[in-house]
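Down below is the structure, laid out as C-alpha cells.
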Amino acid sequence: MTGNIFDEALERATLFRNKEHLRHSFRPSHLPHRDREVEQLSFNLLEALRGQIPSNMILYGVTGAGKTAVTSFVCNQLVEKGEQIGRSVHAITVNCRQIDTQYRVLTHLGNSLLEDHEVDEIPFTGWPTDRVLNELVRRMEQRQGVYILVLDEIDHLVRKAGDDLLYNLTNLNSSLNKARCCVIGISNDLKFTDFLDPRVRSRLGQQDVVFNPYVADHLRDILVERASSALRDDALDEGVIELCAALAAQEHGDARCALDLLRVSAERAEMEGSPMVGMHHVRAAQSQIEADQITPVIRSLPSQQKLVLAAVLLAERSGAKGIQTGEVYDIYDQACLHVGKSSLTPRRVSMLISNLDMLGVITARTVSRGRYGRSKEIHSSLPPNVDAERIISESDDDLAPLFAATYRRQTRL
DNA sequence: TGTCCACTGGAAGGGAGGGCTT
DNA sequence: AAGCCCTCCCTTCCAGTGGACA
C-alpha cells in the first residue's frame, strides 16, 4: 500500500466553502440585529476621530449577545477611518477572564504599545504596580493619539481584584497631555457595578448599552448569513438552521453556541461522508459540544480540586444524591489519605466546591435544614457522555487509585 | 420566641515561588 | 545578596444565616 493517508480525505467532496466563517473569532462585515448597538457605540467613539475624548462606556448582555463582536467591529472601523484621515486612534482589547489582575492588565496594555523594533517588555512580575502604570502613561504619551481600552469580561476582574484598576484607568486622562483615552467595559453581569466605588461607577458608566439576548429568529438570520459564505449551497437539509437557532435560543440566545452547533454538525456530516447536514447531525453535535467543553475543564483542574470532584463522584457512585458539604469533606479527607496527599481545611474545600459550581461541573445549592444547619446540596452536573472518573484517572496519575477498581491504567514496563 | 446547627463567605494574613532593583 | 514586589494557594478567625425544634 502506497500513498499518503491524507490523499483520500483531500479528494473527498467537502461541505464547506470557508469554515472560518462559522467560528466566533470571525468578524463579519455585517452584524444582523445589532444596528442600534453599533450606532450607539460609533456615535460615541466618533469623538476620537475629532481628537476628543469619547465617554467611557459599559456594555451589558449575556454571553453570545454580540457585545465583543460589535465592539471589535466598531473599533476596527474606527481605527481604519483614523488612518484614512490622519488621526491616530488605537484600540486595545484585554480579556479580563484570562488576564485578571491589575498588574497583568496594565502590563498587557503597556506591552501592546511596543513598536516592532522595541524589545523592552514590562516583565510579568517584579515591578511595583504604579511603575507599570507610569510606564503605560509614558508609552501612550510617546505614541500620542486617542486610545480605546476595551476590557472584556470586566465583571470577572472586578469580582476578583476589586476596582483599583478601573479607578486608575478612568483617571488616566489627568496624567495624559498628548494622548487621550477612554475605557469600554464589557460585562455579562448587569449588577457588577454594585462592587464599584461610587466615583469609579460614575466615571466608568457615563454611557451604558444593554445588549438584549438574540431570539430564535435573530439567530436564524445570523446563521443564514454565515452559512451562505461558509457552506455549499446544497449542504443543509431543511430545518437544520431553524433547529440550531432554536437550541441556541434555549441557551439564553447565545450566538456563539448557534455557530458552534452548525459548524460541528457540518463537520460530523462531512466525516460520515454524508452529502448533506441533517437534523440528527445537529443532535449529535449538541452532545459532542457539551462533552468537548467540559473535558478540558476537568483535565486542567488542580489536583486538590480534582480530589473534591472525585469525592462528589464517589458519593454519587455509592447511590447518594444531593450530598452536603460536610459529607463531601469527609469523603475528600479519606480520599486524600488513600492517595497519600495532605487534606485542606473545610473552609478551603468549601471554596473549591463553589469553584466547581462556577465551572459548571457540579451544582451546589445553599439550603437550610433548620436546626440541622445550613449547607450546600451538591450534585454533579456532567453530561451523560462525559466519563469524569476516567478523565481524572488519566490526567492525574496520583489520583488513579481512587477509581482503580474501574480503570486500571495500562502501564508500559 | 429563642436556641442551635452546620455551615457560608468575608477579611486578613502567611508563605512559597518567581522576578526585579540596588 | 538583600530587599522589594506580585501572584497564588492556603489557613485562621469570625460574624452571619435560615429554618426546625423545644
Side-chain angles (χ1 to χ4, degrees), chain A residues 94-111 114 118-139 153 155-169 189 191-192 194-197 297 300-312 315 320-337 339-359 361-379 396 398-399:
Chain A
V94 185
N95 186 318
C96 301
R97 182 169 288 274
Q98 288 146 13
I99 300 173
D100 60 359
T101 65
Q102 172 171 219
Y103 184 93
R104 278 157 65 186
V105 171
L106 291 173
T107 305
H108 179 88
L109 292 173
N111 285 339
L114 281 180
E118 289 177 305
V119 287
D120 49 345
E121 288 212 341
I122 303 169
F124 69 87
T125 179
W127 285 15
T129 306
D130 52 354
R131 182 173 167 198
V132 182
L133 186 66
N134 291 338
E135 179 63 17
L136 174 65
V137 169
R138 193 190 66 75
R139 290 181 186 187
E153 307 212 41
D155 45 326
H156 186 78
L157 176 97
V158 169
R159 225 170 279 123
K160 196 187 161 203
D163 58 5
D164 287 354
L165 173 76
L166 296 181
Y167 182 87
N168 288 327
L169 288 184
D189 177 5
K191 289 190 172 166
F192 95 96
D194 293 354
F195 295 93
L196 300 178
D197 181 287
V297 171
S300 62
L301 290 173
S303 186
Q304 287 290 349
Q305 191 107 46
K306 279 188 189 140
L307 271 162
V308 175
L309 177 60
V312 176
K321 283 197 177 126
I323 35 171
Q324 290 178 60
T325 307
E327 294 169 86
V328 172
Y329 186 80
D330 290 343
I331 300 170
Y332 157 84
D333 204 28
Q334 286 173 38
C336 287
L337 205 65
V339 298
K341 288 193 181 275
S342 50
S343 55
L344 305 175
T345 58
R347 173 70 188 92
R348 180 70 190 141
V349 169
S350 170
M351 179 138 278
L352 294 180
I353 288 171
S354 300
N355 285 348
L356 289 173
D357 184 28
M358 258 181 8
L359 291 169
V361 181
I362 61 172
T363 54
R365 194 167 56 98
T366 306
V367 289
S368 179
R369 302 190 311 137
R371 68 172 306 142
Y372 303 108
R374 198 162 171 260
S375 179
K376 279 183 170 143
E377 201 175 84
I378 299 157
H379 302 266
D396 201 324
D398 294 345
L399 307 189

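Computation of the quantities below employed the complete heavy-atom set of this structure, encompassing side-chain atoms and omitting hydrogens, waters and symmetry-equivalent molecules. Just so it is clear: chains get the letters A, B, ... in the order the sequence lines come, proteins before strands, and each one is counted from 1.
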side-chain contact (heavy atoms from CB on, under 4.5 Å) between A:R139 and A:L109, worked out
CA-CA 10 Å; A:R139 290 181 186 187; A:L109 292 173; over 6 Å; no

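- A:R374 pairs by the salt bridge (Lys or Arg N to Asp or Glu O under 4.0 Å) definition with nothing, not counting sequence neighbours.
- With sequence neighbours excluded, the residues that form a ring-ring contact (aromatic ring centres under 6.0 Å, His included) with A:Y329 are A:Y332.
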Between A:E135 and A:R131, is a salt bridge (Lys or Arg N to Asp or Glu O under 4.0 Å) present by the stated rule, with each step listed?
CA-CA 6 Å; A:E135 179 63 17; A:R131 182 173 167 198; over 6 Å; no

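- Between the CZ atom of A:R365 and the P atom of C:dG18 there is a distance of 15 Å, given to the nearest Å.
- A:Q98 and A:R104 make their closest contact through O-NH2, 3.1 Å (heavy atoms, listed as atom of the first residue, atom of the second, distance).
- For the pair A:L106 CG and C:dT7 C1', the computed distance is 15 Å after rounding to whole Å.
- Non-hydrogen atoms lying under 4.0 Å from DNA chain C are contributed by A:T101, A:Y103, A:R104, all within residues 97-105 of chain A.
- Residues A:Y103 and A:W127 share a closest heavy-atom pair of CE1-O, 3.1 Å.
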Give me the distances for all protein-to-nucleotides 18-21 of chain B N/O pairs that come in under 3.5 Å?
residue, atom, partner, partner atom, Å
B:dG18, N2, A:T125, OG1, 2.8
B:dC20, O3', A:W127, NE1, 3.1
B:dT21, OP1, A:W127, NE1, 3.4
B:dT21, OP1, A:R131, NH1, 2.9
B:dT21, OP1, A:R131, NH2, 3.1

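- Straight-line distance from the CD atom of A:Q304 to the P atom of C:dT11: 8 Å, rounded to whole Å.
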Name every donor-acceptor pair, under 3.5 Å, that has one atom in a side chain of residues 349-357 of chain A and the other anywhere in the protein, sequence neighbours excluded.
residue, atom, partner, partner atom, Å
A:S354, OG, A:S350, O, 3.2
A:S354, OG, A:K376, NZ, 2.7
A:D357, OD1, A:A364, N, 3.4

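- Of all non-hydrogen atoms in A:S343 and A:D333, the two that sit nearest each other are OG-OD1, 2.8 Å.
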For nucleotides 4-13 of chain B, read 5' to 3', which letter fits each nucleotide if B means a protein heavy atom sits under 4.0 Å from the base, S means only the sugar-phosphate is that close, and - means neither?
BBBSSBB---

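- Atom CG in A:L307 sits about 15 Å away from atom C1' in C:dC10, given to the nearest Å.
- Minimum heavy-atom separation, A:L301 to A:Q305: CD2-CG, 3.7 Å.
- In plain terms, the two heavy atoms of A:I122 and A:N111 that are nearest each other are N-OD1, 2.8 Å.
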